[in-house]
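Here the structure comes first, spelled out in structure tokens, and everything after it is commentary.
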Protein chains: 2
Amino acid sequence: MEALDPLDYKILEILQVNNMASQREIGNTIGLSAPAVQRRIVRMREMGVIKKDIAVLDPEHLGQLITIVVQVEMETDKVELVTKTKRKFEQTPQVQQCYYVTGEADFILIMVVHNMKEYETLTHELFFNNPGIQRFKSSICMDIVKSGLSLPVPKSDK
Amino acid sequence: MEALDPLDYKILEILQVNNMASQREIGNTIGLSAPAVQRRIVRMREMGVIKKDIAVLDPEHLGQLITIVVQVEMETDKVELVTKTKRKFEQTPQVQQCYYVTGEADFILIMVVHNMKEYETLTHELFFNNPGIQRFKSSICMDIVKSGLSLPVPKSDK
DNA sequence: TTTTAAAATGAAACAAACTTGCACAAATCA
DNA sequence: TGATTTGTGCAAGTTTGTTTCATTTTAAAA
């Protein structure tokens, strides 16, 4: 399947900020007809460039949610244990994001819970019950300064 | 303005995963007509419960992107300096997310760059040039195990 | 350079989704 | 009980998304 061209990148830049923009609207912006825009979007969805389309909710409106950043250290000796741990994190709804990283910690987790009791229960389920995990450090989030999943799209300046 | 009811929560649960679901489709799922669904969605947008609607892109398809988790320590003495720093982080496109947290580090940043040269330049701009910042630790991401912005929506089981 | 085939485009027709107006039903409150 | 507010479904109207098809562009081959 083909690569992306500058027009595709322009479309991605728009959709990444607002995927409710109409095809005609996008077309006018980048100088293309609505059907042309639509075909490119369909193709990028099939390719997997566009993974999903979601509504972003405001935590403030969903009760008192607590965001916690967790640094997890584990014995990275056993590959299988790491894989299994990844899967466990993936499947846990309260784990919003999970990064496998270099450095002191092996995992960085962004977790969202309703209260500390829920978090305590989760730490048992995720960390204490996992023999591979040596240590974890929790940082309570006081302010979500910036939130998003925007990626830098290659320059589309011809 | 009114609070949210179980039907609203059900709508949010759906849109949070796929905001391209049609009103009719949502209506069938939760037992409501399309217009009813539409009015609820409009209201939740106005309320700010739904902050934005975005397409999520796959980093794999956008060149070799590098994700870095950064822990930043700063003198939190001066409130004004913290505020200014927050604003700086917000405005930097490569900063995908920024959390102001308790614990050793004061900020946790999720950054995405095209290469290490770009990152190095950014560290100067963001950290070395900021007199309030004492230390920062970078962890290179080897695997994005889980990515998303989903929030736990209050149980809608009557 | 010319020729040819593949790919992408725009206009128009079409289908589907969203939006609005309106009458009705349920819940709230006096 | 009666009045008001709120929310609903239906139907009509409007805007979007989708498909078709002839044409243009692109790129490769001759």
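For the numbers below, each heavy atom of this structure counts, side chains included, while hydrogens, waters and symmetry mates do not. Proteins come first, then strands; the chains are lettered A, B, ... in the order of their sequence lines, and each starts at number 1.
Rounded to an integer number of Å, the gap from CD1 of A:Ile41 to C1' of C:dT9 is 15 Å.
Closest approach to the B:Gln23 side chain among D:dT18, C:dT19, C:dG10 is made by C:dT19 (side chain taken as heavy atoms from C-beta onward). The side chain of B:Arg40 has D:dG7 as its nearest neighbour among C:dT20, D:dT16, D:dG7.
The residue among B:Arg39 and A:Glu25 whose nearest nucleotide of DNA chain D is located toward the 5' end is B:Arg39. A residue-by-residue look at B:Gly31 and A:Ala21 shows that B:Gly31 has its nearest nucleotide of DNA chain D further toward the 5' end.
Comment: B:Glu120 engages B:Lys117 in a salt bridge, judged by a side-chain N to carboxylate O separation of less than 4.0 angstrom.
A chain of hydrophobic side-chain contacts below 4.5 Å, direct or via other Ile, Leu, Val, Met, Phe, Trp or Tyr residues, connects A:Val112 to B:Leu4.
A donor-acceptor pair is defined here as one N or O able to donate and one able to accept, closer than 3.5 Å; such a pair exists between the side chain of B:Asp8 and the backbone of B:Asp5.
Of the side-chain N and O atoms in A:Arg24, one or more sit less than 4.0 angstrom from OP1 or OP2 of D:dT16. Between A:Gln38 and D:dT16 there is no side-chain polar atom (N or O) within less than 4.0 angstrom of OP1 or OP2.
Ring geometry for B:Tyr100 against B:Phe107 counts as tilted: the plane angle lies between 30° and 60°, on a 0 to 90° scale.
If you check every strand for non-hydrogen atoms under 4.0 Å, B:Ser33 touches a base.
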